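Since this is a predicted model, take the numbers as computed values, not measurements. Computed from heavy atoms alone, side chains included, the values below leave out hydrogens, waters and symmetry copies.
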Amino acid sequence: MNFTFRPLAAPDLPLLCQWLGREHVARWWGGALTLAEVEADFLPMIEPASTTRGYIAVLDGEPVGFIQSYAVMGSGDGWWEGETDPGARGIDQFLCDVARLGQGLGSAMIRSFVSGLFRDPSVSKVQTDPAPDNLRAIRAYRRAGFVDDAVVQTPDGPALLMHCARPP
């Protein structure tokens, strides 16, 4: 599967709002949001100074999902306050179409995106934190090469902290 990841842009926000309202996404991403809420949450990651970047995942010319990456150290708001590795990156993602779930698309998207992150020599590891009962996401991350660290408490509640180390 040949993915490309185009940076999130303001014209993508109505589509992102639609995706976030889909039940299989809303369940894990905090429920359906209004366009104004999506703009408030996602427009800041378009700013050049942001340490969080959003991307539309595209497969064969078709938008199939959303993925974001962020610098873990200094993420603020109670997130990962003990992280001291400036090369650690975090990711979160979803596929937009429920009919595409369970086909290996999510793990392929994650692998492709993480491979791109590791092209930057300053990136030392990539982590993610799905809810412990989000078994579909956990399986996708494991198939993409992530390993379980521990169940941790986050500002959003319990999460399974997982990581993927830079390949040798």
Closest non-hydrogen contact found for Ser50 with Pro44 is CB-O, 3.3 Å
* To do: Fit a plane to each ring of Trp29 and Phe42, take the angle between them on a 0 to 90° scale, and name the class: parallel (under 30°), tilted (30 to 60°) or perpendicular (over 60°).
  => parallel
Item to check | Ser107 side chain to Gly104 backbone, donor-acceptor under 3.5 Å | outcome: yes
Main-chain N/O of Val72 paired with Ser75 side-chain donor or acceptor, under 3.5 Å = yes
In this structure, CZ of Arg89 is separated from CE of Met73 (nearest 0.5 Å) by 9.5 Å
With sequence neighbours left out, the residues meeting side-chain contact (heavy atoms from CB on, under 4.5 Å) with Glu37 are Leu33, Thr34
Exercise for the section: Using modelled atom types only, decide if a donor and an acceptor are shared between the side chain of Asp120 and the backbone of Ser122 within a distance under 3.5 Å. Expected result: yes
Quiz item: Do the side chains of Asp92 and Asp129 get nearer than 4.5 Å, heavy atoms only?
Solution: yes
Closest non-hydrogen contact found for Leu161 with Trp80 is CD1-CH2, 3.8 Å
Exercise. Spell out, as yes or no, whether a donor-acceptor pair under 3.5 Å connects the side chain of Thr128 to the backbone of Ile91.
Key: yes
Nearest heavy-atom approach of Ser124 to Ala88 is OG-N, 3.6 Å
Item to check | Validation row: Gln93, Met109 side chains within 4.5 angstrom (heavy atoms) | outcome: yes
Residue pairs meeting ring pair (Phe, Tyr, Trp, His ring centres under 6.0 Å), one or both in residues 99-137, sequence neighbours left out, come to Phe5-Phe113, Tyr55-Phe113
Original post:
Do Leu8 and Phe66 touch side chain to side chain, with heavy atoms closer than 4.5 Å?
Top reply: yes
### Message
Show, in sequence, the C-alpha distance, side-chain angles and deciding distance for Ile56 and Trp19, and conclude whether the side chain to side chain contact (heavy atoms under 4.5 Å, CB included) test is met.
### Response
CA-CA 11 Å; Ile56 300 296; Trp19 290 350; 3.9 Å; yes
- prompt: Under a 4.0 Å N-O cut-off, is there an ion pair linking Arg22 with Asp97?
  reply: no
All heavy atoms of Arg119 vs all of Pro121, minimum pair found to be O-CD, 3.3 Å
Are Leu101 and Leu20 connected in the hydrophobic side-chain network, where two residues link if heavy atoms are under 4.5 Å apart?
no
Polar side-chain atom of Arg53 near backbone of Met45 as donor-acceptor pair, under 3.5 Å
yes
For this session: Give a yes or no answer on whether the side chain of His24 reaches the backbone of Leu95 with a donor-acceptor pair at less than 3.5 Å.
Result: yes
request  = Determine yes or no for a side-chain-to-main-chain donor-acceptor pair under 3.5 angstrom, with Asn134 supplying the side chain and Ala131 the backbone.
outcome  = no
For residues Arg6 and Val58, determine if any side-chain heavy atom of one lies less than 4.5 Å from a side-chain heavy atom of the other.
-> yes
Checklist entry - Are the side chains of Phe146 and Ile138 in touch, meaning some heavy atoms are under 4.5 Å apart? => result no
Decide yes or no on side chain to side chain contact (heavy atoms under 4.5 Å, CB included) for Arg142 and Val147, but give the supporting numbers first.
CA-CA 6 Å; Arg142 286 175 179 157; Val147 296; over 6 Å; no
For the side chain of Glu83 and the backbone of Asp85, is there at least one donor-acceptor N/O pair under 3.5 Å apart? yes
Item checked: Beyond-backbone contact of Pro158 with Pro132, side-chain heavy atoms, under 4.5 angstrom -> yes
Across all chains, not counting sequence neighbours, the salt bridge (Lys or Arg N to Asp or Glu O under 4.0 Å) partners of Arg143 are none
d(Arg27 CZ, Phe94 CZ) to nearest 0.5 Å is 15.5 Å
*asked:* Between Thr154 and Asp156, is there a side-chain donor-acceptor contact under 3.5 Å, judged purely by atom types and distance?
replied: no
- Task: Count the heavy atoms of every other residue, nucleotide or ligand shown that sit under 6.0 Å from CG of Asp133, and state whether that count exceeds 12.
- Result: yes
Smallest heavy-atom separation, Leu35 atom then Cys17 atom, equals N-SG, 3.6 Å
Glu62 side chain near Arg100 side chain, heavy-atom distance below 4.5 Å:
yes
